[in-house]
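Below is one structure, written out as structure tokens; the observations come after it.
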Amino acid sequence: MKPFTYEKPRTPAEAAAATARHPGAKFIAGGTNLLDLMKLEIEAPGHLIDVNGLGFDQIEATPEGGLGIGALVRNTDLAADERVRRDYAVLSRALLAGASGQLRNAATTAGNLLQRTRCPYFYDTNQPCNKRQPGTGCGAIGGVNRQHAILGSSTACIATHPSDMAVAMRVLDATIQTVRADGATRRIPIADFYRLPGDTPNVENTLQPGELITHVTLPKPVGGAHVYYKVRDRSSYAFALVSVAAIVQRDGTGRVALGGVAHMPWRIEAAEAELPQGAKAVATKLLAGAKPTEHNAFKVPLVERTLAAALLEAKG
Amino acid sequence: MKFDTPATTNPIDQLKVIGKPTDRIDGPHKTTGTARYAYEHHEEVPNAVYGHVIGAAIAKGRIASIDLSAAKAAPGVLGIVTAENAGKLGKGEFNTAKLLGGPAIDHYHQAIALVVAQTFEQAVAAAQLVRVKYERSEGKFDLAAVKDTGVKPKPGLGGASDTAVGDFAGAFAAAPMQFDATYTTPDQSHAMIEPHASIAKWEGDKLTVWTSNQMIAWSVGDLAKTLGIPKENVRLISPYIGGGFGGKLFLRADALLAALGARAVRRPVKVALHRPLVTNNTTHRPATIQRIRFGATKDGKLTAIGHESWSGDLPEGAPETAVGQTRLLYAGANRMTAMRLAVLDLPEGNAMRAPGEAPGLMALEIAMDEMAEKLGLDPIKFRILNDTQVDPEKPERPFSQRNLTECLRTGAEKFGWKQRNPKPAQTRDGRWMIGTGVAAAFRNSLSMKSAARVRLDNRGMVTVETDMTDIGTGSYTIIAQTAAEMMGVPLAQVVVKLGDSQFPVSCGSGGQWGAHNSTGGVFAACTKLREAVAKKLGLDAKTAVFADGHVSAGGRSVPLGQAAGPAGLVAEDAIEYGDLDKKSQLSTFGAHFVEVGVNAATGETRIRRMLAVCAAGRILNPKSARSQVIGAMTMGAGAALMEELAVDKRAGFFVNHDLAGYEVPVHADIPHQEVIFLDETDPMSSPMKAKGVGELGICGVAAAVANAIYHATGARVRDYPITLDKLLGHLPPVA
């Protein structure tokens with residue numbers, strides 16, 4: 001770990017000022033991912049801005065009938081919130097499918113969105129990785145890549161986004177609210193938040209330097225049956241091979257997003273029109289252009305089969 | 001004490017303390033954090049500084065140059081040890097590759113430097129400033145690709161490379177029922193919780209190392225040999241060990257580099273391997289490719305048994321002895337086994353819990369299931385039909401005890417085997433496809449010399465000292481039980497001190513030989529102490545009774561404390577073995593039963609029930625023995641379903657080198673586990689009439705899981721681990 005300086009501002013304005021003073025600074029909240037990465041010197045910020053004192057820790061109804069979730073709400077608290085469990089059950093289930101009780105107690109809503117890939121080549125600083133060190137190549141292409149992406153990958157990077165929560169947020173059409181260093185706020189639909197790796201897999205989302213997530217807003221509840229179906233090699237504390245977040249209405253229409261298959265939660269609204277036709281039709285559209293690797297061709301049939309299981313569960 | 005005739009009645013047979021389910025006497029220390037592990041000896045060594053190990057970034061080649069200047073100038077840095085400045089180093093008997101590499105690099109993450117600094121953070125930060133230029137050379141990293149270059153390995157702990165009895169080829173060719181299949185098992189990591197760690201301190205030319213090590217005497221020898229100093233100048237202290245599973249049998253880089261670092265900076269130095277180094281710097285269980293052939297009569301008698309195994313290791317390394325159990329498990333007049341060893345430039349392969357038998361049975365016990373099905377026989381019946389009471393390769397040697405059949409029958413009864421539909425893929429529970437499987441368990445019981453010293457003081461307290469280790473197995477407790485039984489005192493009157501090379505040399509912990517040999521050594525020392533007590537009081541040692549804290553004979557009864565007197569009494573002895581283990585075969589047996597559910601949509605396997613029935617001689621402490629067996633069953637479940645070190649065949653290293661990437665079972669993966677110990681004593685094993693169970697518990701488990709998955713789905717997977725991707729193509733269509 002490289003030596004770094006640290007401060008804990010009390011207001012968003014102070015935090016903004018801190019980012020202006022310290023280019024390359026990182027925000028830290030739960031630290032469940034950042035500290036690991038700093039110990040391995042994959043992240044080496046010279047300055048840490050601890051945002052835990054900024055508030056943003058409430059879950060509140062919005063005037064539009066939705067739910068505003070503070071960026072610092074812990075995963076455990078979000079999963080347990082009565083409104084979330086009742087109206088956005090897919091989110092509660094996705095949260096509980098992730099990490100461990102201890103990690104969920106520390107991890108925050110914004111931190112969960114921003115967690116970095118678990119690609120082992122990203123984590124081993126002896127190995128090439130375009131995401132960690134642009135231009136060095138990708139160790140996972142042609143290496144061990146059973147966990148990796150089958151959709152939206154590039155010749156520079158085949159990493160996946162590891163979050164379960166983000167997959168549920170995607171299917172719920174969440175909006176990410178931020179404040180920039182200059183104090184300006186903006187709202188980013190989650191569909192526009194994540195980036196595919198392309199030639200710059202080191203750039204993972206559309207946040208600007210110094211931009212801080214303050215809230216994640218959920219629109220009015222859409223009803224329906226909520227399912228989060230996560231497939232993994234052991235029963236807990238493992239990242240998804242494939243996951244399916246689905247909201248299915250009584251008439252068979254609905255929404256679906258995938259985790260574990262791409263650099264971002266994977267949702268194609270056009271595919272959802274096929275939901276009444278069943279899993280195969282939806283999967284065919286979701287998987288259009290899939291490029292499996294040497295070790296993960298199984299994810300293609302697994303998506304369809306998991307989707308089928310999720311739809312069956314939604315029917316009750 | 002020479003143990004060369006079968007045990008007769010002795011004080012252990014009283015079973016006042018031995019054989020009782022006894023809580024760990026070290027339990028309160030562990031649960032309150034007062035049991036100090038290798039990295040935690042702050043009181044003994046308050047002024048230690050911190051060493052951080054740098055592992056090689058390539059798998060094979062040379063260090064072209066190494067630039068320490070920036071690192072040396074970093075804050076807090078006290079010194080940096082490399083092969084260039086460490087002085088002349090020897091190589092230990094038990095490690096294959098050098099523990100401090102350079103300029104030649106033999107495997108990925110081989111240690112190439114130790115950065116020593118005032119704080120841990122400074123050492124880690126400075127390590128990043130060490131600039132190393134490498135020259136890579138081509139290596140061999142793919143077992144399947146080099147398999148056919150394998151040669152006959154030198155005979156070792158697993159016996160000869162090849163054995164043959166009768167005419168295997170002829171009998172196999174002539175057999176009306178034939179079976180021939182190939183299986184693979186992957187590289188596996190010990191993945192113990194406590195990483196390898198050591199604190200080293202020099203006083204003049206005397207070295208003390210607080211470490212985490214299963215075999216104190218082996219590692220004293222190898223540390224002295226590597227440093228080129230007399231053994232007498234090395235003291236190892238390892239009272240508590242946070243898991244070993246064979247990964248801590250030997251001297252490793254943490255202890256050597258702590259010693260070299262402490263010598264270089266003239267301060268005590270502490271070193272823990274960070275998690276990725278535990279995987280690629282230390283040892284692992286090597287992958288195997290195994291071919292099994294059976295010939296049988298139509299009614300299911302095996303006439304030909306062939307088992308070949310291929311594995312790889314660094315040059316001068318050793319094979320995974322996966323054919324060992326096949327030499328002993330089933331009858332059959334014509335048989336052959338063979339092991340071949342190829343050179344691989346992956347990290348060093350070595351022992352992991354039940355080396356040989358664990359991967360060997362992963363293959364053999366699937367093959368038995370497959371052959372039973374081919375014959376139309378119940379798999380339990382088929383095994384019983386081919387049971388033997390003598391060493392099948394040397395029929396003049398009987399087994400000392402062999403209750404395999406009883407294990408299978410008891411387990412079948414308890415598990416409800418009778419209700420099983422023999423046809424696969426017939427039972428559903430909602431979306432789960434249900435299946436049950438069975439496998440035999442087999443692990444040899446080894447006789448090893450083991451010594452102990454026993455002290456009796458004037459309060460009647462009995463103190464046992466031996467360099468035996470407790471790697472979580474319960475050694476402290478069974479040693480205390482043995483001394484309490486022998487001296488006729490309550491457990492609370494016994495103090496046990498372990499893991500210090502100043503104590504008499506024990507058998508150590510490995511190969512499930514710890515329980516019966518280490519307590520055998522304590523039995524021998526206590527026998528001598530009883531003689532000393534009797535002699536001091538002028539009593540007849542043969543008829544003296546030790547009970548309730550007193551020694552009594554000829555109408556006299558004296559409290560032990562009074563007998564010891566102010567000076568106390570001390571006795572030391574070792575258990576040593578004759579040729580009983582040559583005349584008869586000492587082994588442990590068991591049967592594993594498993595029920596699984598396989599998700600019909602996704603292929604995820606969840607274990608629903610597990611039962612082990614074990615026949616392993618006298619069970620010294622049913623509570624800690626059960627813990628050993630359920631832990632081993634859990635490890636077997638991991639081997640079946642998820643554990644695999646993933647090899648990058650280009651760069652030559654294990655990619656998933658942390659506990660997020662190398663998955664072992666979590667609590668949610670393991671159902672209620674039931675363990676039954678058959679009531680058995682084995683007078684050929686030791687005066688304790690006991691044998692080990694810690695490795696028996698893993699033997700066969702993975703095959704029982706594999707057989708249950710087959711029974712659930714009809715899909716036969718011969719390549720471990722049985723992850724869902726290997727089942728997907730065999731599952732029913734989804735709607």
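In what follows, chains are A, B, ... by sequence order, proteins preceding strands, each numbered from 1.
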Against chain A, label [X] side chain, backbone, both or neither, depending on which of its atoms sit under 4.5 Å from a heavy atom there.
| X | result |
| --- | --- |
| B:His52 | neither |
| B:Ala56 | backbone |
| B:Phe120 | neither |
| B:Ala600 | backbone |
| B:His667 | neither |
| B:Val647 | backbone |
| B:Leu659 | backbone |
| B:Ala646 | both |
| B:Leu731 | both |

Flag yes if more than 12 heavy atoms outside B:Arg608 fall under 6.0 Å of its CZ atom; otherwise flag no.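 Yes, CZ of B:Arg608 has more than 12 neighbouring heavy atoms, counting only those of other groups under 6.0 Å.
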
Kindly check if the number of other-residue, nucleotide or ligand heavy atoms within 6.0 Å of NZ (B:Lys726) is above 12?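 Yes.
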
I need the [X] [atom1] to [Y] [atom2] distance, nearest 0.5 Å.
| X | Y | atom1 | atom2 | value |
| --- | --- | --- | --- | --- |
| B:His657 | A:Tyr123 | NE2 | OH | 12.0 Å |
| B:Ile722 | A:Asp233 | CD1 | CG | 12.5 Å |
| B:Gln128 | A:Thr125 | CD | OG1 | 6.0 Å |
| B:Glu663 | A:Ser235 | CD | OG | 10.0 Å |

Using side-chain contact (heavy atoms from CB on, under 4.5 Å), reason through B:Val664 and A:Arg234 one step at a time and then give a plain yes or no. CA-CA 8 Å; B:Val664 299; A:Arg234 63 179 169 188; 4.2 Å; yes

For B:Val124 and A:Lys39: C-alpha separation, side-chain torsions, deciding distance, then whether side-chain contact (heavy atoms from CB on, under 4.5 Å) applies. CA-CA 8 Å; B:Val124 175; A:Lys39 288 174 192 170; over 6 Å; no

Could you go step by step and tell me if A:Gln127 and B:Val655 meet the side-chain contact (heavy atoms from CB on, under 4.5 Å) rule? CA-CA 10 Å; A:Gln127 302 304 321; B:Val655 170; over 6 Å; no

Please tell me whether A:Asp124 and B:Tyr108 have a donor and an acceptor in their side chains that are separated by less than 3.5 angstrom.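 There is such a pair between these side chains.
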
Among [options], which has the most heavy-atom pairs under 4.5 Å with chain A?
| options | answer |
| --- | --- |
| B:His274, B:Gln122, B:Glu121, B:Arg606 | B:Arg606 |
| B:Gly55, B:Ala651, B:Ala601 | B:Ala601 |
| B:Asp658, B:Asn656, B:Leu641, B:Val666 | B:Val666 |

Kindly say whether [Y] contributes a backbone atom to a donor-acceptor pair with the side chain of [X] at under 3.5 angstrom?
| X | Y | value |
| --- | --- | --- |
| A:Arg305 | B:Thr602 | no |
| A:Arg118 | B:Gly661 | no |
| A:Arg232 | B:Glu604 | no |

Highest number of heavy-atom pairs under 4.5 Å with chain B: which of A:Ala309, A:Ala238, A:Ser236, A:Ser100?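 Heavy-atom pairs under 4.5 Å are most numerous for A:Ser236.
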
So which of A:Thr306, A:Leu40, A:Leu302, A:Asn296 has the largest heavy-atom pair count under 4.5 angstrom toward chain B?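 Looking at each of A:Thr306, A:Leu40, A:Leu302, A:Asn296 in turn, A:Leu302 comes out on top.
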
Would you say B:Asp725 and A:His295 make side-chain contact, with heavy atoms under 4.5 Å?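 Side-chain contact under 4.5 Å: no.
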
Would A:Leu241 and B:Leu724 count as a side-chain contact (heavy atoms from CB on, under 4.5 Å) if you check the C-alpha gap in whole Å, the side-chain angles of each, and the deciding distance to 0.1 Å? CA-CA 10 Å; A:Leu241 293 167; B:Leu724 59 91; 3.7 Å; yes

Minimum-distance pair of heavy atoms, taken over all atoms of A:Gly139 and B:Asp648: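 That closest heavy-atom pairing would be O-OD2, 4.4 Å.
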
